[in-house]
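To keep things clear, I will list the structure first and then write my remarks on it.
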Amino acid sequence: MQGLIMDVPLTITSIMQHADCNHGDQEIVSITTDNPRHRYTYAEAFRRTRKLANALSEYGIKPSDRIGTLAWNDYRHFELYFGVAGIGAITHTINPRLFPEQIIYIINHAEDRLIFVDPFILPTLEAIADQLIPVEAFIVLTDDENLPSSTLKNIMSYEHFIGTCKDEYSWPDLDERSASSLCYTSGTTGNPKGVLYSHRANVLHSYASNTPDVFNFSTGDAAMPVVPMFHVNAWGIPYASPMVGVKLVFPGPKMGDGASLQALIEEEKVTFSAGVPTVWLALLNYLNESGKSVDSLKRVIIGGAACPEMVMRQFLDNYGVHVHHAWGMTETSPLGTVNTLKAHMEDLPDTELYRMKLKQGRALYGIEMKIVDDDNIELARDGKSSGLLKVRGPWVCSDYFKMEGKNDVHDQDGWFATGDVATIDSDGYMQITDRSKDVIKSGGEWISSMDLENAAVGHPDVVEAAVIGISHPKWSERPLLVIVRNPNSDLQAEEIIDWLKDKVAKWWLPDAVEFVDEIPHTATGKILKLELRKQFSDFTFDI
Ligand code: AMP
């Protein structure tokens, strides 16, 4: 027997309509390239979103078309999140920090018809425009007055694009399982892979995010996402906030700037924020040096890389800010776990307390989590056994965009292998202990060890090269290049770094080079990275 309950689709449009109706006067404040402090309300944001929807439809954008964005966190990007998905098209957020080759690959692979771009990022596109095959026009996120001169053809300002369009729009009824947004991850080997989110997944993820042990949002909150809107929908904050009526504060291009973040927090009374450890370290350093405070800030979610204990302690002891550690992936929308202590843990002795707080946290309702050994046998949740972390749930990716069936994205029981190695304790707290995937995460961005190795072995004096991530106080991880050199050569570290300079991005260059006689291998000849990481577990960079 079926329940007698209305079958109302869970769509992003419904979040927008709810906020418009119930939280219309709540504020959205942004720093943009053309305005140091833009402010308006949800009602105005969604009025302009309807103009955007008309502009897109009049242009000829159809359901399922992909629309690229290369933009910082601000109100126009927010309008794109809702306007594009609302007409049934797909918001494809692109990381402007990727190499030009990766941006070209991603835009062509996604077949983006339009690109909405921040004026700051325009030069990146100008350099590659002739290789962006599907792109019909570029729309710059500013007004006509501030539109930079450009070598790009088919370019106009955002304000011009939506300018004369009506602010009435009849949103279509969408299938909740239809795609709403797309984000490529380079946290795997090979080409970046597209994770295609659905309306339903985003709505369920927002519901879960708003629960007390996760974001704990209420109308009294002001949330400042310092995680970029081009990275997994800014951890879902632009969807979770209007669902509850939270004030949104967007730092625009000022995300890594401690002074601007502090000013924004104080002046806009920000209560909540989220981002990767490197950003929080920058803010912490600024606060320590300037003697300034962040009195309104109550909670910060730190994830994307392991949160250093010092950051957690100093934020609480010096500034009264509770830091919660979280874990997630592009493939998990992204929230998988958040660390909020259970009541019986609050009085633990200091060392024990921080041992618990530093774990990546408990699964949100909706996410199932387990660890398995090499034979896919589930391991004990005893806080000691460590194995490959697998997850499944209604906001975990089931396949990659246009690669359906080509990767073993999940096993036959539907579990997604994260590539992270972890323990889970009897209270359900997961802790990452290692990574089985062969990539390095530096300041929240991925570096491909494979690409670095391939470039290094191109040197005539290199017999074999391996790259591993070594923990780094500022960037979380930095690459160490391990080399077996030709027996007759006395190749030096500087020479190989020089060799790599025109082959990889500057920020990918290894921070150190070590020469060894031999690199450990599996029986089939693959480099044993886990073994190599053990070998260099005491290695530290000269900083
Ligand atoms: P991305 O898809 O770029 O968001 O990266 C996801 C990956 O970042 C995860 O699979 C982990 O390897 C890593 N990661 C995310 N959060 C954490 C965390 N709190 N601690 C350690 N690693 C993390």
Side-chain angles (χ1 to χ4, degrees), residues 93-95 97-98 102 106 181-190 192-197 205 214 225-237 274-281 300-309 311-312 323-340 356-364 367 369 371 386 388-391 395-397 400 409 415-424 429-449 468-472 475-477 529-530 533:
T93 53
I94 306 162
N95 181 349
R97 296 192 188 120
L98 294 175
Q102 286 175 314
I106 287 175
S181 37
L182 175 65
C183 183
Y184 280 70
T185 173
S186 48
T188 51
T189 42
K193 297 184 177 69
V195 179
L196 190 60
Y197 307 103
H205 182 266
V214 187
V226 184
V227 48
M229 287 173 81
F230 56 72
H231 190 181
V232 217
N233 302 325
W235 297 356
I237 295 169
V276 297
T278 307
V279 171
W280 297 107
L281 209 56
V300 166
I301 302 265
I302 295 191
C307 177
E309 181 170 344
V311 171
M312 217 177 247
V323 169
H324 296 274
H325 203 183
W327 168 90
M329 303 179 68
T330 309
E331 287 91 335
T332 62
S333 292
L335 285 177
T337 66
V338 174
N339 193 322
T340 309
M356 278 311 298
K357 284 171 112 174
L358 283 165
K359 294 189 177 196
Q360 273 72 7
R362 281 179 286 126
L364 278 64
I367 293 288
M369 203 165 62
I371 44 170
S386 114
L388 175 65
L389 178 67
K390 289 190 159 188
V391 293
W395 55 84
V396 177
C397 105
Y400 292 109
V409 176
W415 290 89
F416 172 79
T418 61
D420 289 317
V421 178
T423 60
I424 302 176
Y429 288 76
M430 184 275 284
Q431 180 157 37
I432 306 272
T433 55
D434 203 346
R435 197 182 283 144
S436 67
K437 53 193 169 192
D438 198 5
V439 272
I440 295 158
K441 206 170 198 192
S442 176
E445 305 283 346
W446 292 108
I447 294 176
S448 160
S449 27
I468 51 173
I470 297 281
S471 96
H472 188 283
W475 300 108
S476 300
E477 276 181 353
K529 287 286 174 81
L530 291 179
R533 283 205 281 275

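When a ligand or atom number is given, it counts from 1 through the structure's own listing order.
Nearest protein neighbour of atom 8 (O) of ligand 1, counting heavy atoms only, is Lys441 NZ, 3.1 Å. In terms of protein heavy-atom proximity, atom 4 (O) of ligand 1 is nearest to His231 NE2, 3.1 Å. The single protein non-hydrogen atom nearest to atom 20 (N) of ligand 1 is Gln360 NE2, 2.9 Å, given as residue, atom name and distance. The protein non-hydrogen atom at the shortest distance from atom 9 (C) of ligand 1 is Asp420 OD2, 3.2 Å. For atom 3 (O) of ligand 1, the nearest protein heavy atom (residue, atom name, distance) is Trp446 NE1, 2.7 Å. Of all protein heavy atoms, the one lying nearest to atom 16 (N) of ligand 1 is Gly304 N, 3.0 Å. The nearest protein atom to atom 21 (C) of ligand 1, hydrogens excluded, is given as Ala306 N, 3.3 Å; this is a heavy-atom distance.
Counting all heavy atoms, side chain and backbone alike, Ala417 lies closest to Leu388 at CB-CD2, 3.9 Å. Smallest separation of non-hydrogen atoms from Trp235 and His205: O-CE1, 3.6 Å.
In Pro334, neither the side chain nor the backbone holds a heavy atom less than 4.0 Å from any atom of ligand 1. Heavy atoms from both the backbone and the side chain of Thr330 come within less than 4.0 Å of ligand 1.
Using a 4.5 Å heavy-atom cutoff, the side chains of Asp420 and Lys437 are in contact. Ser449 is listed as a side-chain neighbour of Lys529, based on a closest heavy-atom distance under 4.5 Å.
Judged by distance alone, with hydrogens and angles left aside, the side-chain atoms of Arg362 form a donor-acceptor pair with the main-chain N or O of Thr340 at under 3.5 Å.
Ligand 1 has Ala305 within reach: a non-hydrogen atom of the residue lies less than 4.0 Å from it. Glu445 does not count as a contact of ligand 1, since none of its heavy atoms falls under 4.0 Å from the ligand.
Counted within 6.0 Å of CH2 on Trp475, heavy atoms from surrounding residues, nucleotides or ligands total 12 or fewer; the atom is thus considered open.
Screening His231, Glu445, Gln102 for a side-chain hydrogen bond (donor to acceptor under 3.5 Å, both in side chains) with Asn95, the sole residue that qualifies is Glu445. For the salt bridge (charged side-chain N to carboxylate O under 4.0 Å, His left out) with Glu477, the lone residue among Lys441, Arg435, Arg533 that qualifies is Arg435.
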Step-by-step side chain to side chain contact (heavy atoms under 4.5 Å, CB included) determination, Trp395 to Leu364: CA-CA 11 Å; Trp395 55 84; Leu364 278 64; 4.1 Å; yes
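Checked against a 3.5 angstrom limit, the closest N/O atoms of Ile432 and ligand 1 fall outside it.
For atom 19 (N) of ligand 1, the candidate residues are Gly328, Ala326, Ser436; the nearest heavy-atom contact is made by Ala326.
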